[in-house]
Engineer: 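This is the structure I have questions about; it appears just below.
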Amino acid sequence: MNVQTFNARVATPTTRLVGAMAIASMAWVVLGGLFVTPKDVDQGDAVRIMYVHVPTAWVAYLAFIVTAVASACWLLSRKHSMGFDRVAGASAEVGVIFMAMTLLSGSLWGRITWGAFWAWDPRLTTTAFLLVTYIGYLAVRGLGGSLEQRARRSAVIALLAVLEIPLVHFSVLLWRSLHQNASVLSGDGDIKMDGSMLTTLLVGVIGFTCTFAWLVMHRQRVLAMQDAMEMTQLDAALRERANESSRLK
Amino acid sequence: MSTVVDFRDAVVVFNGFPALAEASIEVQQGEIVLLQGPNGAGKTTLLRACAGLLPIVRGEASVLGVDLCVDRQSVRPRVGLLGHANGLFADLTIGENVLFWAQMVGASNVEVAATLQRFGIDGRLSQQKVMQLSAGQKRRCALACLVVRRAELWLLDEPHAGLDASARDEIDAIIREACAAGATVLIASHELERARGLATRSVSVVAGRVVS
Amino acid sequence: MDHLGFIAAVYGSTFVVIVALVVRTVAQGRALASKVADKDKPWT
Amino acid sequence: MSTQLSLGRVARAVAAKDLRIEMRSRVVINQVFPFAGLVMVMFAFALDNDDVLTRVAGGLVWLATLFSLIIIIQRSFAVDTADGALEAQRVAGLDPAGIFIGKALAVMMQLVTLEVVLFLAAIVLYRVQLQSDGVVLLVTCVISATAGLSFVGTLYGGLTAGARGRETLLPLLMLPVVAPVLIGATRATESAFMSGGAAVSDGWPWVGVLVVFAAVFGLGGILSFGSLIEE
């Protein structure tokens with residue numbers, strides 16, 4: 001339309017710093033996790049899956065918490081600032097992907113250690129339900145309508161999910177405890193960690209959290225620009241209608 | 001005399017499209033204002049915005065003294081909207097439909113019976129299910145529901161559509177009567193001759209703006 | 001290393017997905033940022 | 001001059017309206033009941049073992065109820081959105097909490113009737129035995145589970161009413177939420193039937209879960225229904 005050029009960068013010094021920290025710690029996780037750390041006494045090399053599985057699971061749960069908190073902030077803030085809504089949406093998008101990765105790496109790990117891809121363990125079941133609930137949340141965000149309607153609806157859905165998840169977790173817990181011995185997870189799978197293992201896991205958690213923060217910040221800015229584009233398009237449409245009405249008059 | 005509808009440069013977006021583009025209109029109490037204009041000009045959106053159904057994106061809008069940018073809820077019980085849809089329950093009879101709305105405002109059975117009689121939908125006809133009625137009968141039933149709700153501001157979208165001449169006369173009489181009782185009326189209609197005779201003032205809606 | 005296939009699958013899938021996500025986000029951001037006025041970008 | 005109505009009167013009028021529509025149209029009785037019965041027969045085809053059927057009868061009854069719930073909720077909101085009546089109720093300024101309670105009550109009445117029929121079908125088709133000391137547990141379980149299902153169904157039904165793709169979106173949103181009801185009601189019902197050697201007393205903790213669930217989502221619906229149906 002016009003030849004005016006804008007600053008094409010979305011990154012800021014903060015996101016660059018977070019991104020650099022993420023890359024550095026990810027490199028540590030790959031090198032440390034695959035080569036430096038020792039085998040586990042019981043699990044052997046399978047324990048190496050832990051260094052990515054545990055951090056992705058942590059990020060998935062963190063994303064759910066961020067979405068819930070941002071939704072509550074949107075509902076409670078007097079101004080209903082759209083920034084909260086965009087953070088909630090961005091965090092949910094990242095959370096869905098990390099939750100799917102958690103389930104994938106977890107089931108592969110489970111195949112090695114328990115001999116089965118899936119077990120009806122409360123933690124597994126709750127994670128699976130979180131994934132489905134989140135997919136539903138994103139579907140609600142895609143329903144259309146005004147920005148405010150989208151924000152209000154999805155905030156309510158996010159808070160209803162906060163009610164739902166503990167109920168799901170508790171009922172699966174009660175179900176398993178009544179019908180079976182304690183879950184496979186707390187069986188013989190205990191990992192005795194030495195210093196390098198613990199450090200690598202910790203670096204993994206930090207690295208994945210930085211990745212999550214970087215993704216949410218960038219995604220939130222993309223969403224902000226999409227909303228801004230909508231407003232610009234509205235301005236153009238208003239001008240067009242103004243021309244139309246003066247022509248018809 | 002007080003101002004009932006006051007829109008100043010109001011923008012209302014419907015499906016991403018500015019259906020109302022900086023529209024300004026002022027309506028005093030007791031007026032019957034005819035909105036005329038081609039399809040897609042924004043008449044229906046203006047009426048729905050007046051009912052507090054659609055958010056005001058920019059500009060100012062107040063109805064019955066309530067600022068719609070702040071509060072779209074409290075004005076609603078005081079306005080009656082007859083849109084393209086009739087808002088009727090197809091499986092219920094006329095009488096039951098009218099009674100449902102009457103219950104909501106605490107109107108008595110006597111009032112319901114009187115309203116039904118005035119609309120010529122009493123007796124055996126009132127025992128018919130709405131789905132068995134003609135388009136004109138449904139329209140009359142929807143108007144009857146509006147009357148029992150005793151709204152202060154009437155927003156009528158094509159009230160004459162699908163009605164025969166005598167039914168149109170009846171509706172005009174009802175609108176005049178409501179107006180004499182203090183109600184304010186906004187009508188969107190393609191029946192220009194008839195509506196001009198009824199209206200105290202007419203304005204054009206062109207491309208999302210109101211032109212007097 | 002035993003279970004090499006499983007371990008490779010976990011590391012591979014995880015990091016491929018993350019890199020894809022980062023690339024997509026950066027690409028979307030670049031494409032939009034060249035069209036959106038700087039005043040709508042409070043972080044700049 | 002219109003006056004705002006109390007929540008109770010709105011709820012009563014809305015529930016009476018929905019039930020009267022069902023009595024006139026008989027969509028639930030003539031279509032959903034036979035559908036649920038058909039599902040029960042299909043389970044028998046799929047499982048093909050009398051002992052297994054008797055053992056899992058409780059779960060099958062509740063699964064058939066869940067499938068029917070989706071259809072009942074869609075029907076319940078279809079009568080409101082077909083001719084813009086839901087919008088008319090919003091324009092009339094009816095208390096959304098009242099609409100929520102009213103519609104949930106009407107759904108609850110239809111579901112309880114359906115469940116009675118399904119349990120009779122289970123006794124006939126799946127040969128379950130109901131001892132007298134299981135009856136109290138079963139009745140409590142049915143009431144609390146149905147309350148929870150109706151609240152959740154009405155809540156998400158209102159959100160998806162009139163939306164594009166509502167037929168597929170409603171089950172996606174609703175089924176994960178009602179999973180605790182499926183688990184809890186099934187376990188309590190199995191205890192009431194004493195299937196697989198369960199004792200009747202085992203079922204009561206599950207009724208507690210169901211009651212908490214119904215209370216949480218009843219309250220959640222009353223608070224949030226207005227925001228969900230608002231434009």
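Throughout, protein chains are lettered first and strands after them, A, B, ... in sequence-line order, and every chain is numbered starting at 1.
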Engineer: What heavy-atom pair brings D:E231 and B:L53 nearest, and what distance separates the two atoms?
Structural biologist: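 Shortest heavy-atom separation between D:E231 and B:L53 comes out as CB-O, 3.7 Å.
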
Engineer: Which atoms form the tightest heavy-atom contact between B:T93 and D:R24, and what is the distance?
Structural biologist: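 Nearest pair, atom of B:T93 first, then D:R24: CG2-NH1, 3.9 Å.
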
Engineer: Name the region of B:S74, side chain, backbone, both or neither, that has any atom closer than 4.5 Å to a heavy atom of chain D.
Structural biologist: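 Contact with chain D: none, neither part.
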
Engineer: Which bit of D:A82 is near chain B, if near means a heavy-atom gap under 4.5 Å: side chain, backbone, both or neither?
Structural biologist: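 Neither part.
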
Engineer: Write down the atom of B:W101, the atom of D:A92, and the distance for their closest heavy-atom approach.
Structural biologist: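 Residues B:W101 and D:A92, closest heavy atoms: CZ3-CB, 3.5 Å.
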
Engineer: Looking at CG of B:D91 and CE of D:M23, how far apart are the two atoms once the value is rounded to the nearest 0.5 Å?
Structural biologist: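 Between atom CG of B:D91 and atom CE of D:M23 there are 12.0 Å.
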
Engineer: Does atom CZ (B:R201) have a neighbourhood of more than 12 heavy atoms from anything else shown, all under 6.0 Å?
Structural biologist: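 Correct, the count exceeds 12.
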
Engineer: Can you give me the closest heavy-atom contact between B:F89 and D:A85, atom names plus distance?
Structural biologist: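 Result for this residue pair: CE2-CB, 3.5 Å.
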
Engineer: Is the number of heavy atoms from other residues, nucleotides or ligands within 6.0 Å of CZ (D:R164) greater than 12?
Structural biologist: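 Atom CZ in D:R164 is not packed in, count stays at 12 or less.
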
Engineer: Is chain D contacted by the side chain of B:L99, its backbone, both, or neither, given a heavy-atom distance below 4.5 Å?
Structural biologist: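 For B:L99, there is no contact with chain D at all, as no heavy atom is under 4.5 Å.
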
Engineer: State, yes or no, whether a side-chain contact exists between B:M104 and D:Q89 at a heavy-atom distance under 4.5 Å.
Structural biologist: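 Side chain of B:M104 against side chain of D:Q89, heavy atoms only: no contact under 4.5 Å found.
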
Engineer: Does any heavy atom of chain D fall under 4.5 Å from the side chain of B:K138, the backbone, both, or neither of them?
Structural biologist: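 Neither; nothing under 4.5 Å.
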
Engineer: D:D83 and B:L88: which non-hydrogen atoms are nearest, and at how many Å?
Structural biologist: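 Closest heavy-atom pair between D:D83 and B:L88: OD2-N, 3.2 Å.
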
Engineer: Would you say D:M109 has more than 12 foreign heavy atoms packed within less than 6.0 Å of its CE?
Structural biologist: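 No, the 6.0 Å shell around CE holds no more than 12 heavy atoms from other groups.
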
Engineer: If every non-hydrogen atom of D:R9 is compared with every non-hydrogen atom of B:Q103, which pair is closest and at what distance?
Structural biologist: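 Between these two residues, the closest heavy atoms are NH2-O, 3.4 Å.
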
Engineer: Taking every heavy-atom pair that is under 4.5 Å apart, which of B:M131, B:H84, B:R72 has the most such pairs with chain D?
Structural biologist: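 Of the options given, most contacts go to B:R72.
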
Engineer: If you count heavy-atom pairs under 4.5 Å with chain D, which of B:R48, B:E96, B:Q73 comes out on top?
Structural biologist: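 Greatest number of close heavy-atom pairs with chain D: B:E96.
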
